[in-house]
Structure formats: structure tokens, C-alpha cells
Amino acid sequence: MSVWLTEEVVKLGVRFCSRRFLWQQRSFLLTASIKGPSFSCQRLSHVSATRKSHTCLNRSPASSVRFYSQGEDLEEKEHLSSSLAESSPPAKIQSDRKPTWQRQIRNYFWNQLQNCRSPSDVLDLTSHCVPSVREVSNCLTHMWTTTKKMSEEQRRYELQLMFEHPEFDGLLEKAMKNVAYMRNEDLVYSFIGMVKLGVSQHSRVVQTFLRVCQEKLNDFDDKGLSILASCLEHMQDSPNVAALKEGMRLVVKTRLPRIKNVMSLQIMMRLLGKEAPLELKRELERKALSMTDQFSLPNTQYMISTMAAMGFYSKPLLNICSVKIRENLNGIPFNRLFTVLLSCKELHYRDIDLLTAISDYISSTIDIWNQKQVILFLTVYESLAFCPTAIMEVFAERVIANPDALTLKDLLSVLKVYSSFNYDLQQQRQQFLDSLSGVLDSYLLKMSGFELLKAVYRLSQLGHFPSAPLEQLLESSTLEQFKTANKTTMLRSRQIQRMFQTVHLCLCLDRPPLPRPLTVPPSVLGDPIPTSSANPWLLQGLRGLLEDQADAVLQEGVVVENFYLLDGVISKALPSPTSVAEASAGEECSPAESSQRIAVICTTQSGFCYDTSIPRAYLAMKIRHLKNLGYHPVLVMEKDLHAVPEEKTTEFLRGLIFPEHHKPDTQPETERQAS
């Protein structure tokens with residue numbers, strides 16, 4: 001009996017002690033989860049480079065990285081596998097059912113994370129609350145998200161603080177140790193977060209994530225592949241990156257027939273990239289065309305940039321997207337609209353209706369766009385050689401109203417755009433140019449010699465010559481800068497010489513009224529830049545045209561002022577009544593006055609604003625100077641010349657050069673003649 005009692009007492013004691021131990025353990029875990037100083041892991045030196053080398057201004061890759069799948073090192077591979085195997089999965093993954101107190105702790109962590117406004121705030125939080133595997137991913141993603149809302153200068157400063165934070169290496173170590181237990185979604189978000197934050201791509205943590213992504217590639221859904229593709233776009237080439245890209249291409253090819261979602265298709269197209277064979281691109285095009293009824297507005301915008309990323313021009317797809325965008329311009333944010341225009345530029349796709357609609361939309365909503373946004377729109381339009389007339393007009397009014405709002409960079413961009421398009425503001429022209437000149441004067445002391453030269457060069461193309469910038473440009477101290485620059489690169493030297501030659505020519509031929517005469521010294525002009533030869537097709541046609549005209553003389557390949565090439569110059573005597581009248585007045589006529597000089601110039605479409613007969617930049621200046629020299633310029637489009645049958649070339653040229661001797665109904669629609 002006594003033995004039985006003894007056994008019962010022992011059992012009750014053991015049961016009581018075990019319950020007390022579990023309560024103590026629960027209390028201990030709760031405290032550790034909230035405060036956690038005793039649970040902070042020791043940092044490994046190989047997680048990433050030292051904090052000093054991880055500043056955003058000066059990061060150096062680790063000296064040795066051996067996580068490669070091409071030419072891989074088995075010792076390192078075994079070490080990786082063993083290290084992942086030895087790390088036991090955390091309790092959160094082992095059990096799907098979490099106690100109430102654990103959920104409360106995690107909710108507390110999540111709420112605190114949402115209040116963090118910088119990467120350093122997140123790292124401060126991890127020093128007090130030990131994050132779980134999923135929360136590590138949340139931390140990295142939130143750190144990246146907070147930096148996206150910062151200015152460039154603030155972002156640079158915050159990233160430097162992040163790399164110097166004592167908890168940063170510990171967070172990366174925890175991510176690397178638990179990468180094998182991350183869900184696929186957390187894996188890719190952690191990966192892109194690290195890359196976007198600027199963690200060295202050669203560090204062990206990034207290379208480990210690359211290897212795990214390779215192993216789990218077949219398990220990624222379309223969203224995961226999309227995030228992974230976005231991440232790889234910003235990574236440097238390496239064996240692991242190349243292997244992962246190739247693996248993703250293989251996955252895309254196998255999944256292509258099963259794709260039923262537009263976004264998934266676009267993801268696949270981006271993954272294949274420019275290296276995809278043409279036949280596969282055609283297959284993707286057919287798939288996309290079969291799904292056009294599913295295209296949403298974001299889909300159409302993204303499809304254009306996707307085709308640009310693939311380097312694939314599909315006019316049917318582009319036209320469908322263009323119509324959709326044109327009909328829904330209201331509400332499209334700046335970034336997407338600007339990306340559409342950039343993609344059109346990259347694809348050499350210029351839809352007149354789309355470009356005009358965007359221009360009209362921006363001009364009608366000019367108040368919602370800030371200065372830099374409008375200038376960026378104008379810049380991309382300039383690269384497309386399409387003149388956005390509506391924007392040019394309203395932006396000129398904005399500049400006239402508040403010219404001081406232009407920064408130096410803005411000023412140089414505006415000068416480039418307006419000189420390139422040779423845009424005539426008519427009554428507002430002088431006021432607009434004076435406003436730009438006033439802003440230029442305010443920046444004279446801050447500008448480099450090259451910036452000043454570019455500004456004066458653009459104004460000269462526009463036929464405007466403010467005295468203060470010209471005088472400063474031609475000062476000996478400024479010219480000395482260019483003598484040094486000429487010795488650097490051949491391309492820069494030729495560019496500088498060309499701009500100085502243009503300024504010199506404009507001063508000589510436009511003869512602007514300046515307070516004192518200014519000339520460009522020969523030391524910066526250099527030798528005359530050789531011009532291309534005259535068009536042989538045009539010369540042959542001109543010879544045939546003048547065979548039966550005894551009063552006309554043809555000069556071939558004439559170079560004017562050592563600068564402008566004229567394919568042909570036709571000198572034709574003026575009608576006799578004019579000569580008789582002048583002779584009766586007792587005045588002698590010079591050869592130039594007694595004959596008409598017709599300068600025939602063969603030009604390409606690039607010399608004009610797209611789909612117009614308005615000459616651009618260099619061609620507009622050339623026409624102006626030829627008129628100042630007494631020539632009558634006639635422009636012949638090269639594509640029109642080659643499109644005309646050889647037997648009709650004479651009639652075609654007669655209609656352009658001597659329209660009074662040509663029947664109007666036979667004149668080609670594509671002719672372009674300088675007025």
C-alpha cells in the first residue's frame with residue numbers, strides 16, 4: 001500500500017513539474033520574441049562584404065564566389081546543401097496551427113513594420129523583435145518599398161545608413177540560412193528586395209538565392225516568374241544568372257501552350273527576351289493576337305514596352321494597342337505614358353494618330369504636369385522627330401510667364417528641342433527667345449565651356465544671337481578649355497569643331513546686330529569637315545533636264561562656304577525685259593543679279609519633322625543661309641527620286657525646279673520644295 005502511494009506521489013510531482021516547466025518556457029519564448037537581445041545571431045563575415053564596403057557609393061564584390069551551376073565547385077555545393085540540411089525548419093513551418101499568443105506577437109511585428117519609414121527603422125525593429133522566416137521577406141520588401149518614395153539624394157543617404165547598421169548583416173544571414181524554407185512568393189520578394197537595395201550581386205547571400213531559385217524554378221507560378229524576371233533584368237552577367245535565365249526560357253517554352261492570361265503571356269515574352277529565335281517570336285505574336293479581346297488598358301501599355309524589351313516589331317499588335325491607348329488617355333499616369341513613347345522610339349514605331357493624341361492630351365492638361373515631366377515629353381518627341389505642335393505652343397507660354405523656373409539642364413533641353421524642330425512661334429517667337437536668353441545670362445557663371453557652346457550653337461540655329469553668351473564664349477579663357485578638350489577624344493573634338501564652325505557661319509551670314517563685332521578664332525574652327533558626295537541619280541536627272549535649255553548652266557557638287565554641299569546649282573539668265581529695264585536705268589548688273597541661281601539639294605526624310613514638309617535644325621539653317629547668299633533652294637526627296645521610273649525622272653525634276661513649265665495635275669504629291 002505504501003509503495004502504491006509512493007508511486008502516485010511521484011507521478012503527481014513529475015506532472016506538476018512538467019507543467020511548470022512548460023509555462024516557464026512559454027513565458028521565456030514570449031519575452032525573447034519581443035525583446036530578443038539574447039537571441040541575436042552572430043554575424044558571418046561571408047554573408048556580404050564589410051559594412052564599409054557596402055556603402056551605396058563604394059561597393060566592392062567579394063573576392064571569391066563559388067556558387068556556380070556551370071563549372072560548379074562540388075565542395076561548395078556540398079557545403080551549401082549540408083548547411084541548409086542542418087538548419088532545422090523553424091517552429092512556424094513545422095506546425096500550421098499557431099497558439100494565440102504567437103499570432104498576437106506576429107501581429108504586433110506586422111503593425112510595427114508598417115510604421116517603419118526607412119530601412120534603418122526596419123533594422124531597428126529586428127533588433128527588438130526576432131522576425132520569422134516570412135517576416136524576413138517582409139522586412140526586405142518593406143525596406144525596398146520605403147526607398148522608392150524617396151528623392152535620389154535621400155535614398156543614397158538612407159542606403160548608406162542601412163549598410164552601416166549593425167543589424168543589416170544579421171538580417172541577411174537569417175535570410176540565407178532560411179532560404180530553403182521560404183515559400184516561393186517570399187523567396188522571390190526577398191531576392192528582388194536585396195538586389196534593389198544594392199546588396200552586392202557577388203555576395204554569398206545573393207548567390208545562394210540564385211541557386212535556390214534554380215532548384216525551385218519548376219514550382220514558380222507566373223507571378224513568381226515575373227518577379228524573378230524583373231530582378232534578373234537588373235543583374236550583371238554571371239554563370240548563375242546565365243544558368244537561371246536559360247532555365248526560365250525552357251520553362252516558358254513548355255508553358256506557352258497553356259497560357260490563358262495576358263499578363264502571363266507578357267511575362268513569358270519578356271523572359272525570352274531579344275535572344276529568342278524569330279519563329280518563337282512569331283508564335284508569341286500569334287498567341288497575343290488571339291487574346292486581344294482580353295487586353296485591358298494596362299495590358300496594352302505593357303505590351304508595347306514588352307515588344308521593345310523583346311526587340312520585336314509587330315505592327316498588328318502595336319496598332320491594336322495604339323487604338324486602345326488613344327481612346328483612354330485620361331487617367332494614364334506620367335510613367336506609363338512616358339514609357340509608351342520611349343518604347344515607340346525604341347521600336348521605330350510612329351503612329352501619327354497616337355503621337356498627336358498624346359500631344360493634344362498633354363497640352364490640354366498642361367496644369368497637371370510639372371516642368372520636368374513636360375520637358376521629358378518634349379525630349380522623347382524630339383528623338384522621334386515628331387513635332388508635338390500643341391505642347392510646343394503651350395509650353396512656350398509657360399516659359400514666357402515664368403522663365404526663372406528653368407534649371408540649367410532644363411534650359412539646354414528646351415533649346416535642343418525647339419532648335420531641332422525649327423518651330424515657328426510666330427508673334428511669340430522673339431519674346432520666347434528673349435526669355436531663354438535671360439535665363440541663359442543668369443547661368444553664365446555656372447556653366448562649363450561645353451554647355452555654353454551648346455547653348456550658343458542651338459540659339460544660332462534658331463537665328464538668335466544674344467551678346468553676353470557670345471562674348472563669354474569667345475573670351476580667351478573660355479576658348480582655352482576647348483584647346484585642352486580637343487586632345488581628349490576624336491569624337492568630342494569633331495563635335496566641338498562642328499559647333500564652332502556653325503556659330504562662325506551664322507555670324508558671317510546672318511550678320512546679327514551686336515554691340516561689337518565678334519568672330520570665332522581659327523584655332524578652334526579646325527579644318528573643314530569633309531562632306532559627302534552629290535547624289536548621282538539626281539545629277540543624271542539634272543543633266544537630262546537641261547539638255548534642251550541653252551540659257552541654263554549646271555554646276556555639280558558645289559560646296560558653299562566650305563560647309564554646305566549642294567548637289568547641283570543651276571544658273572539661269574533672267575528674262576530679257578528685266579535686263580532691258582535695268583539697262584535703261586543706266587545700272588550695271590552683277591552676274592548674281594543678272595541670273596537666277598537654283599540650289600538643288602537631295603535630302604532624306606530625317607531632314608524634316610516626321611510626316612511634314614517642315615525642315616529641321618541643320619536643313620532649316622542651310623535653307624536660311626542659302627537664301628541669304630542669293631540662292632533659290634529646291635529640295636528633292638531621295639525616296640521620291642528613287643520611286644520615280646527612270647523615263648519619268650526628267651518630268652519629275654521639271655515639276656520641282658521649273659513649276660511654271662510643268663502641268664499642275666502631273667506634279668507628284670510627295671514633292672517638298674522650300675518656300
May I ask you to test the Phe421-Pro388 pair for a side-chain heavy-atom distance under 4.5 Å? yes
To the nearest 0.5 Å, how far apart are OG in Ser203 and CG in Leu172? 7.5 Å
Would you call Leu228 and Cys213 a side-chain contact if the rule is heavy atoms closer than 4.5 Å? yes
Tell me whether Arg155 is salt-bridged to Glu158, with the criterion being a basic N under 4.0 Å from an acidic carboxylate O. no
Side chains of Thr365 and Ile368: closer than 4.5 Å at any heavy-atom pair? yes
Should Phe191 and Leu140 be marked as a side chain to side chain contact (heavy atoms under 4.5 Å, CB included) after you check the CA-CA gap, both sets of side-chain angles, and the distance that decides it? CA-CA 9 Å; Phe191 189 26; Leu140 291 168; over 6 Å; no
Before giving the answer on side chain to side chain contact (heavy atoms under 4.5 Å, CB included), spell out for Leu225 and Met268 the whole-Å C-alpha distance, their side-chain angles and the decisive distance to 0.1 Å. CA-CA 8 Å; Leu225 288 175; Met268 304 307 179; 4.3 Å; yes
Side chains of Phe209 and Val195 in contact at under 4.5 Å (non-hydrogen atoms): no
Within-4.5 Å side-chain heavy-atom neighbours: Leu284 and Met310: yes
Should the heavy atoms of other residues, nucleotides or ligands under 6.0 Å from NZ of Lys149 be counted, would the total exceed 12? no
For the side chain of His142 and the backbone of Leu113, is there at least one donor-acceptor N/O pair under 3.5 Å apart? yes
Reported CD1-to-CE distance for the pair Ile192 and Met235, which is rounded to 0.5 angstrom: 11.0 Å
Is Glu152 atom CD crowded by more than 12 heavy atoms from other residues, nucleotides or ligands, each under 6.0 Å away? yes
Any side-chain donor near an acceptor of the partner, Ser305 and Arg270, under 3.5 Å: yes
Counting N and O atoms only, with roles assigned by atom type, does the side chain of Tyr381 sit under 3.5 Å from a partner on the main chain of Leu355, one being a donor and the other an acceptor? yes
Student check: side-chain heavy atoms of Arg350 and Lys345 closer than 4.5 Å: no
Charged N to carboxylate O below 4.0 Å: is that the case for Glu279 and Arg286? yes
Stepwise salt bridge (Lys or Arg N to Asp or Glu O under 4.0 Å) check, Lys281 with Glu285: CA-CA 6 Å; Lys281 290 181 180 180; Glu285 178 189 24; over 6 Å; no
Is there a donor-acceptor pair closer than 3.5 Å between any side-chain N or O of Tyr418 and the backbone N or O of Met392? yes
What's the spacing between Asp121 CG and His165 NE2 if we round to 0.5 Å? 8.5 Å
Asn115 atom CG, neighbour heavy-atom count above 12 within 6.0 Å: yes
Flag if over 12 foreign heavy atoms under 6.0 Å of NZ, Lys416: no
Are the side chain of Thr407 and the backbone N or O of Asp410 linked by a donor-acceptor pair below 3.5 Å? yes
So, are Lys174 and Glu135 salt-bridged, with charged N and O less than 4.0 Å apart? no
Could you tell me whether the side chain of Gln266 and the main chain of Thr306 form a donor-acceptor pair under 3.5 Å? no
Under 3.5 Å, is there a donor-acceptor pair linking the side chains of Tyr610 and Gln605? no
Pair Glu346 + Lys274, salt bridge at N-O below 4.0 Å: yes
Between Gln373 (side chain) and Asn370 (backbone), is there a donor-acceptor pair under 3.5 Å? yes
Using side-chain contact (heavy atoms from CB on, under 4.5 Å) as the criterion, point out the one residue from Arg134, Met182, Met176, Glu185 that pairs with Ser190. Met182
Closest heavy-atom pair and its distance - Thr603, Phe608: CG2-CE1, 3.5 Å
Looking at Ile366, is its backbone amide N or carbonyl O close enough to the side chain of Arg398 to form a donor-acceptor pair, meaning the two atoms are under 3.5 Å apart? yes
So, do Ser296 and Val262 sit near enough that their side-chain heavy atoms are less than 4.5 Å apart? no
Is the closest basic N to carboxylate O distance between Glu283 and Lys287 below 4.0 Å? no
Can Asp353 and Val323 be said to form a side chain to side chain contact (heavy atoms under 4.5 Å, CB included), step by step? CA-CA 9 Å; Asp353 295 331; Val323 171; over 6 Å; no
Roughly how far, to the nearest 0.5 Å, is CZ of Arg211 from CG of Leu244? 11.0 Å
Main-chain N/O of Asp186 paired to Ser137 side chain as donor or acceptor, under 3.5 Å: yes
Can you check whether Gln301's main-chain N or O pairs, donor with acceptor, with Arg336's side chain at less than 3.5 Å? no
When rounded to the nearest 0.5 Å, the distance separating SG of Cys231 from CE of Met194 is 8.0 Å
For Met248 and Leu217 the tightest heavy-atom approach is N-CD2, 3.5 Å
Side chain to side chain contact (heavy atoms under 4.5 Å, CB included) between Asp351 and Tyr349, worked out: CA-CA 6 Å; Asp351 182 277; Tyr349 173 70; 3.3 Å; yes
Give a yes or no answer on whether the side chain of Thr126 reaches the backbone of Leu123 with a donor-acceptor pair at less than 3.5 Å. yes
Tell me, do Thr147 and Leu159 make a side-chain contact under 4.5 Å, heavy atoms counted? yes
Once rounded to the nearest 0.5 Å, what's the spacing between atom OG of Ser200 and atom CD of Gln207? 8.5 Å
Phe377 and Phe334: CA distance, side-chain angles, deciding distance, ring-ring contact (aromatic ring centres under 6.0 Å, His included) verdict: CA-CA 9 Å; Phe377 279 129; Phe334 166 77; 5.2 Å; yes
Can you check salt bridge (Lys or Arg N to Asp or Glu O under 4.0 Å) on Arg616 and Glu382, steps first, answer last? CA-CA 10 Å; Arg616 295 179 64 201; Glu382 192 273 334; 3.3 Å; yes
Which heavy atom of Gly607 sits nearest to which heavy atom of Leu619, and what is that distance? O-CD2, 3.5 Å
Shortest non-hydrogen contact between Thr254 and Pro257, atoms and distance: O-CD, 3.6 Å
With distance as the sole criterion, is a donor-acceptor pair present between the side chains of Ser606 and Thr604 under 3.5 Å? yes
SB check Asp219 Lys216 (cutoff 4.0 Å): no
